[in-house]
Amino acid sequence: MSSRIPNILLIGAGTFGKKHLKTLLELEKQGVLTLAGVVVRTERSMQALKRKLTVPVYCGVSDELLGQVDAVDIVTLAETHFELVTKCLPKAHVFIEKPLAPSVKESADIKKLANSSPHILMVGHIFRFHPAIMRLKKMVKSEKSRPHSIEATFINPLISDNGRDVQLEMLHPFDIVDYLFNKSVAEKHTEDKGRLHVVSLLYRGGMRAVMKLGWSGEKKERTIRLLYKHQQILCNLETKTITVYQNGLVKNTVDVSGATEALENELRAFIRAVRKPSADYPDADVGNRIVEIAAKRQMVIKTPSSRKKVAVIGAGIFGTNCAIELAPFCNVTVFEKNKSILSEASYINQYRHHWGYHYPRSQETVNDITNAITDFEKRYKSAIITRFPTYYGVAKKNSKVTPEEYLAFCDKNSLPYTLEFPDKQFLDKEKTAICLKTYEPIYNYQKLKDITAGLLKKRKVNVRLGAEIIGARILPDGRKELIIKKGGTIRRETFDYVINVTYARYNNFCAWFNFPRKPIRIDLVEALWVKLNIPKISLAVMDGEFTNMVPTGTDGVFTLVHIKKSILRRFVPKDGLVPKDIFESAKHSRIKQTIEQSAIWFPIVKEAKLLRAQYVLRGVNAYREHDDARTSDITEHGFGCFSILGGKLLNAVLSAKQLSRLIAD
Ligand SMILES: Cc1cc2nc3c(=O)[nH]c(=O)nc-3n(C[C@H](O)[C@H](O)[C@H](O)COP(=O)(O)OP(=O)(O)OC[C@H]3O[C@@H](n4cnc5c(N)ncnc54)[C@H](O)[C@@H]3O)c2cc1C
């Protein structure tokens, strides 16, 4: 290692050059380097800068000047890099801003020069020196496995758009993933939305990434989220914080906002490499590799002037609403394996228009409901039945929330109630600590269906009933081919985008496309429809393995579901898939137990006449027993593929709007 303090020449004093200048001056004060001077392009800039600086300012780089310095710090436009490197590298060590070059050809030429030079060439991949990424690297190293997916957002406000190539300018996430995981790219798909690119990457070894890069909106965003099977690590480079989530709970937060700035770390690393060339730094090989990824234009979908072709798989409340939202901008086809829309979980459920009372352990779910309710009510107002009493009792024994906690939760969320028990035939007071009376509505299923069917027709959505998707793949040009089984025939059709809204069967889609599967808990539920000659009344016992009786749109007809007895099978399939013989378990019916156990709480149930039992699959995020969360999750798999795992019916409209924005924008 050389003991001499290196003599550095800064080339370029534009916006970034000035930042370098400031940091170089600070490092000079600390005795880390000597600033030999600043080189600018024009006489005018030279004169202007000379007035402000005590160090020499030059116009243009001469061989003589290069002969007097140990290293140069080049902070100029990428178009000038090849010429400057050719001139400087034979005489001095070089630090050069990213991207290494504006084209793969020039970048490869620079790499060749660097590899045969006695001097080092370090590329300014600054995020390798960002304190949050440095910490993230340590965290990633200590994990047993790699994440299955990565989501990155590197967006600058539209107003700051410099008109340069989106991916070369915003290549940081490519570099961060390279730095963290050292994996090469096998496939790349770019959705070109003008100044915003959605880039999907498949890395060798199977890891996937979806990156949003470019200029859009008014906010600067810099986040990277690593998704592991049971945890997520969210790194916010703006706030310099890292949050680790495990099964929906915050496990750990790291704040590195007080740490040394990335640029200082980076320039110190350069000086270290100048003094000891065997030190670790992003060299020309790295710089060239990242340019290659950024410039790779494989499978590009340009926002077409013609309408995009979208397939929606599943015509439940979520799928149909996606189609309704997208139809004004795209040609939408909905595929439904059954003979009618809203025929599975969107039909066999308890029709509660949830206000939040049901989720005292999941504030996230209540927030989801609060955010979504207005959009849903706008669309489905006439399907919502109000003005009948709803009672939420809290059990004296074995409740997961205490009466005090339940009341505090309702108050916090401004959920209206009076403390009031119904008549004793409806709820056993002896077993119940407190009872809240409110007026939470329900849906009229037939009206939900009619409104949905009407909108699908009005918006000219192509609805294919009895059409099951049995396979799919991404074609080399980026389009998605679906294999459709209808009756005895099998056909193939291609689409620009595919949306998976198959609820409990979510992971079939992931299996077809080889996307990471979501851990989903499957419940086979036996829901009872019973007749009681009483006015509408809704009853629930909180919070745990108790029971619910909720009216339906038909007078005197109620649904009865016991949280334990009505679940005939509950499991998290290892492969994520619903077994073919799942409905075989319906043989082990527990109708009698459900009625008996419900009657313990709601004595009126003894008088109920069973109309029918209906069997339905519920699919929810696995391992959420601690909070019983039922949020609606949108996943952007990349390659033009999306999924929604529906939580509550009323999330359907907002989720569909959010998803349609991802496609239509
Ligand atoms: C017992 C029970 C009670 C509930 N109570 C309530 C309640 O009171 N209030 C509330 O808001 N929510 C309730 N929910 C939740 C609610 O029902 C669901 O969140 C919602 O229905 C999910 O809608 P979806 O469109 O995602 O699913 P679904 O309605 O199940 O639609 C998915 C569709 O995809 C189709 N499909 C699957 N695979 C394929 C394929 N390969 N090709 C073509 N089509 C395919 C299916 O046939 C199905 O029609 C309840 C759920 C259950 C199970």
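Residue numbers count from 1 along this sequence. Numbering of ligands and ligand atoms starts at 1, following listing order.
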Which atom of Gly619 lies closest to which atom of Leu645, heavy atoms considered: O-CD1, 3.8 Å

Considering only heavy atoms from C-beta outward, does the side chain of [X] approach that of [Y] to under 4.5 Å?
{"X": "Arg618", "Y": "Arg570", "result": "yes"}
{"X": "Leu524", "Y": "Ile567", "result": "no"}
{"X": "Phe421", "Y": "Tyr391", "result": "no"}

Which bit of [X] gets closer than 4.0 Å to ligand 1, counting heavy atoms only: side chain, backbone, both or neither?
{"X": "Ile313", "result": "side chain"}
{"X": "Ala652", "result": "neither"}
{"X": "Tyr351", "result": "backbone"}

Distance under 4.0 Å to a non-hydrogen atom of Gly646: what atoms of ligand 1 satisfy this? 19 (O)

What atoms of ligand 1 come closer than 4.0 angstrom to any heavy atom of Asn338? 47 (O)

Tell me which one of Arg464, Lys480, Lys486 satisfies salt bridge (charged side-chain N to carboxylate O under 4.0 Å, His left out) with Glu493. Arg464

Can you check whether Arg479's main-chain N or O pairs, donor with acceptor, with Asp477's side chain at less than 3.5 Å? yes

If you take the nearest heavy atom of each of [options], which one is closest to [atom]?
{"atom": "atom 35 (C) of ligand 1", "options": "Lys337, Arg630, Glu336", "result": "Glu336"}
{"atom": "atom 18 (C) of ligand 1", "options": "Phe509, Tyr503, Tyr506, Phe335", "result": "Tyr503"}
{"atom": "atom 28 (P) of ligand 1", "options": "Ser340, Ala527, Gly647, Ser346", "result": "Ser346"}
{"atom": "atom 36 (N) of ligand 1", "options": "Thr502, Ile369, Ile341, Leu465", "result": "Thr502"}
{"atom": "atom 41 (N) of ligand 1", "options": "Ile563, Ile644, Asn500, Ile469", "result": "Ile469"}

Compute the shortest N/O to N/O distance between Leu649 and ligand 1 and return yes if it is under 3.5 Å, no if not. yes

Leu617 to ligand 1: N or O pair under 3.5 Å? no

If the contact criterion is a heavy-atom separation under 4.0 Å, does [X] count as touching ligand 1?
{"X": "Ala504", "result": "no"}
{"X": "Val616", "result": "yes"}
{"X": "Asn508", "result": "no"}

Does Arg569 make a cation-pi contact with Phe571, if we ask for NZ or CZ under 6.0 Å from the ring centre and within 45° of the axis? yes

